[in-house]
Amino acid sequence: MKRLELAIESIILASRWLLVVFYIGLALALAVYALSFGKKLYEFITLAFTLGDTDTILKMLGLIDAALVASLVVMVIISGYENFVSRFDENDGEVHWLGTIDVGSLKVKVASTIVAISSIHLLQVFLNSASYTTDQLMWLTIIHLAFVVSAFMLAYIDRLMGLAKGKKTEAVSP
C-alpha cells in the first residue's frame, strides 16, 4: 500500500511540469503581442505630427496599456514557474524579485496591474466620452471600481496572512 501511495504522490508531484506548457504558451502569446505593439507604435510614429492632443494622448495610453499587459504576462510566467514548477538556477542576470514573490503577493501584484490597466482604459473612454452612452460610462466605472475593491481586498487578505505568519514565527522562536 505504501508503494502505491508513493507512486501516486510521484505522479501528482510530476504533474506540476505540465504547467510549463502554459508558461511557454504565454511566452509565445507575448511574442505575438509584441508584434501587435510594434504595429501600434509604427502607426503612432507615422501619425504623430498629424494627431491632435487628445488623439496623441489616446494613442500613448494604448501603448502604456500594452506595456502593462506585457509586464503582467511576464510576472505571471516567472512567478508561476518559480512558485509551482522549479526554481531558476542562480545567475548574474537574476531579477531582484525572483523567488521572493509568494502566491498571495503575486495575486496582489496581478490585481494592482489589472486596476492600472482598467484605469488607463477608463481614462481613454472618458477622453473619448462622446462615443459612449451615459449607461456605458456608468457600467465601465462600476466595473473599474469592482477591480479596485477586489485589489484592496486581496491586499488586505495578503497583509493579514503576513501578520499571521509573523506571529506564528514569533511563537516558534524562543
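Numbers for residues simply follow the sequence, beginning at 1. Atoms considered below: every heavy atom in the structure, side chains included; atoms not considered: hydrogens, waters and symmetry mates.
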Work out which heavy atom in [X] is nearest to a heavy atom in [Y]; give both atom names and the distance.
{"X": "S118", "Y": "H144", "result": "OG-ND1, 2.7 Å"}
{"X": "R16", "Y": "V85", "result": "NE-O, 2.7 Å"}
{"X": "A151", "Y": "S112", "result": "CB-N, 4.5 Å"}

Return a table of donor-acceptor pairs under 3.5 angstrom between the side chains of residues 51-77 and protein atoms on other chains or two or more places apart.
unit_1, atom_1, unit_2, atom_2, d
T56, OG1, G52, O, 2.8
S71, OG, A67, O, 2.9

Please answer: with hydrophobic residues joined when any side-chain heavy atoms are less than 4.5 Å apart, are [X] and [Y] in the same cluster?
{"X": "W17", "Y": "I78", "answer": "yes"}
{"X": "L140", "Y": "V148", "answer": "no"}
{"X": "M153", "Y": "L160", "answer": "no"}
{"X": "I114", "Y": "I143", "answer": "yes"}

What distance separates [X] [atom1] from [Y] [atom2], expressed to the nearest 0.5 Å?
{"X": "L13", "Y": "S15", "atom1": "CG", "atom2": "OG", "answer": "7.5 Å"}
{"X": "L127", "Y": "L122", "atom1": "CG", "atom2": "CG", "answer": "10.0 Å"}
{"X": "S129", "Y": "Q124", "atom1": "OG", "atom2": "CD", "answer": "13.0 Å"}
{"X": "I117", "Y": "I120", "atom1": "CD1", "atom2": "CD1", "answer": "7.5 Å"}

One pair to check against side-chain contact (heavy atoms from CB on, under 4.5 Å): T141 and M138. What are the steps and the verdict?
CA-CA 5 Å; T141 304; M138 177 191 69; 5.9 Å; no
Which side-chain N or O atoms in residues 24-46 pair as donor and acceptor under 3.5 Å with protein atoms at least two apart or in another chain?
unit_1, atom_1, unit_2, atom_2, d
T46, OG1, Y42, O, 3.2
T46, OG1, E43, O, 2.9

Using a cut-off of 6.0 Å, state whether more than 12 heavy atoms not belonging to Y156 lie near its atom OH.
no
